[in-house]
Peer 1: 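Just dropping this structure here.
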2 protein chains.
Amino acid sequence: MNNTRFATLIHILTILAKSPGEWLSSDWIAGSIQINPVIVRKELGALQEQGWVTSRKGKEGGSMLLVSSDEITLADIYKTVKNSNVLGKKNLSPSPKCPIGKNINKELEELFDETDEIVFVALQRRTLAGFVDQFN
Amino acid sequence: MNNTRFATLIHILTILAKSPGEWLSSDWIAGSIQINPVIVRKELGALQEQGWVTSRKGKEGGSMLLVSSDEITLADIYKTVKNSNVLGKKNLSPSPKCPIGKNINKELEELFDETDEIVFVALQRRTLAGFVDQFN
DNA sequence: TAAACTGTAATACTATTCATTACAGTTGTA
DNA sequence: TACAACTGTAATGAATAGTATTACAGTTTA
């Protein structure tokens with residue numbers, strides 16, 4: 001992970017959680033994060049797919065949270081943006097002629113999956129609510 | 001982390017560990033990983049900086065392990081290549097005018113550091129020797 | 001019918017990653 | 001001594017990923 005998507009999503013969710021029942025515009029949210037509103041709208045799309053957020057168009061439009069912030073774990077958020085293993089990528093085609101090259105990707109896959117799983121388990125114990133509560 | 005450096009380093013170290021006392025050339029190692037020898041030489045440089053490997057120039061040159069494979073933990077290897085947080089990057093300049101924007105990077109930094117630490121602790125329990133032993 | 005939104009396509013710009021070429025310097029050996 | 005086989009490293013290129021930006025069609029309220 002070398003992008004800002006997790007930070008952006010949790011920022012958006014925190015803002016929405018702090019204003020329950022209010023329709024907040026992508027422009028307003030973008031202003032708080034200081035990124036382009038188009039990016040915010042794309043991420044709001046991802047949050048809608050998760051069923052966490054609903055948006056409405058038109059004047060007085062915007063987005064709001066559909067679920068309670070204690071139903072969203074940080075692992076859930078991480079899953080929606082994760083696009084690589086914690087330990088990175090495997091090399092594409094190590095030599096099958098070498099006993100190590102032949103087997104390393106199988107071993108690495110195990111190691112990579114186990115490492116990712118440890119992160120998931122840790123993040124599963126934390127909720128959006130817990131994160132949001134840190135702001136006063 | 002969205003690169004192959006961890007995979008490359010552990011591949012190199014595994015090969016060296018399997019041929020103790022032998023000078024292996026960067027070309028030979030590169031052949032097993034199927035990557036460019038220049039990359040291997042750069043990574044060997046990183047391994048030398050850690051004090052794990054020594055290389056010698058000239059005909060009959062090459063590299064070999066200086067330390068026992070059970071003295072190198074996977075956390076040590078991870079540390080030498082890690083260039084990002086597990087959860088990615090923070091947004092650069094969230095708005096100080098917003099109570100959330102103002103504080104989020106402090107909170108994210110804690111969360112990011114704690115998450116990274118969980119990975120370290122897990123990897124610290126595993127050694128290069130343990131990894132190498134999986135190959136027969 | 002105008003204003004304020006969402007959704008999305010298209011394009012551009014930047015950074016990262018890896019490969020590649022090139023070559024100076026080192027060392028063993030015929 | 002000359003050559004072959006290495007290391008070390010600089011410079012450049014190519015591909016990919018990530019983010020920003022512009023543009024605009026469609027929706028909704030007043």
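A quick note: this is a predicted structure, and the numbers were derived from the prediction, not measured. Naming convention: chains lettered A, B, ... in sequence-line order (proteins, then strands); numbering from 1 in each chain.
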Peer 1: Within less than 4.0 Å of OP1 or OP2 of dT17(C), is there a side-chain N or O belonging to Asn83(B)?
Peer 2: yes
Peer 1: Within the 3.5 Å criterion, strictly below it, is a donor on Ser25(B) or Asp27(B) matched to an acceptor on the partner's side chain?
Peer 2: no
Peer 1: Answer with yes or no whether the side chains of Asn91(B) and Thr8(A) bring together a donor and an acceptor at under 3.5 Å.
Peer 2: yes
Peer 1: Answer yes or no: does a side-chain N or O of Gln48(A) lie under 4.0 Å from OP1 or OP2 of dT6(C)?
Peer 2: no
Peer 1: Write down the distance between CG (Asn3(B)) and P (dT16(D)), rounded to a whole number of angstrom.
Peer 2: 16 Å
Peer 1: More than 12 non-hydrogen atoms from neighbouring residues, nucleotides or ligands closer than 6.0 Å to NZ on Lys102(A), yes or no?
Peer 2: no
Peer 1: Thr54(A) and Gln48(A): side-chain donor and acceptor closer than 3.5 Å?
Peer 2: no
Peer 1: Round to the nearest Å and state the distance from Leu92(A) atom CG to dA19(C) atom C1'.
Peer 2: 13 Å
Peer 1: With respect to the side chain of Ser55(A), which nucleotide from dC18(C), dG7(C), dA10(C) is positioned closest?
Peer 2: dG7(C)
Peer 1: Are any non-hydrogen side-chain atoms of Ser69(A) and Leu13(A) less than 4.5 angstrom apart?
Peer 2: no
Peer 1: Which atom pairs, donor and acceptor, lie under 3.5 Å between side-chain atoms of residues 121-132 of chain B and protein residues at least two apart or in another chain?
Peer 2:
from, atom 1, to, atom 2, distance (Å)
Arg126(B), NH1, Glu114(A), OE1, 2.5
Thr127(B), OG1, Ala129(B), N, 3.4
Thr127(B), OG1, Gly130(B), N, 3.0

Peer 1: Counting only non-hydrogen atoms, which of residues 16-38 of chain A are less than 4.0 Å from DNA chain D?
Peer 2: Ile35(A), Asn36(A), Val38(A)
Peer 1: Under a 4.5 Å cut-off applied to non-hydrogen side-chain atoms, are His11(A) and Ile15(A) in contact?
Peer 2: yes
Peer 1: Give the other cluster members for Met64(B), using side-chain heavy-atom distances under 4.5 Å between Ile, Leu, Val, Met, Phe, Trp and Tyr residues; answer none if it is isolated.
Peer 2: Trp23(B)
Peer 1: What's Thr4(A) touching, base or sugar-phosphate or nothing? Going by heavy atoms closer than 4.0 Å.
Peer 2: sugar-phosphate
Peer 1: Distances under 3.5 Å only, N/O to N/O: pair up the protein atoms with those of nucleotides 24-28 of chain D.
Peer 2:
from, atom 1, to, atom 2, distance (Å)
dT27(D), O2, Gly58(A), N, 3.2
dT28(D), O2, Lys59(A), N, 3.0

Peer 1: Please work out if Gly45(B) contacts a base, only the sugar-phosphate, or nothing of the nucleic acid, heavy-atom cut-off 4.0 Å.
Peer 2: nothing
Peer 1: Could you list all N or O pairs between the protein and nucleotides 13-15 of chain D that sit under 3.5 Å apart?
Peer 2:
none

Peer 1: Which whole-number value in Å describes the distance from Glu43(A) CD to dT8(C) P?
Peer 2: 13 Å
Peer 1: Looking at residues at least two apart in the chain, or sitting in another chain, which of them share a salt bridge (charged side-chain N to carboxylate O under 4.0 Å, His left out) with Asp116(A)?
Peer 2: Lys82(A)
Peer 1: Among the nucleotides dT7(D), dG18(D), dA20(D), which one has an atom lying closest to any side-chain atom of Ile39(A)?
Peer 2: dA20(D)
Peer 1: Take the angle between the ring planes of Tyr78(A) and Phe120(A) and call it parallel below 30°, perpendicular above 60°, tilted in between.
Peer 2: tilted
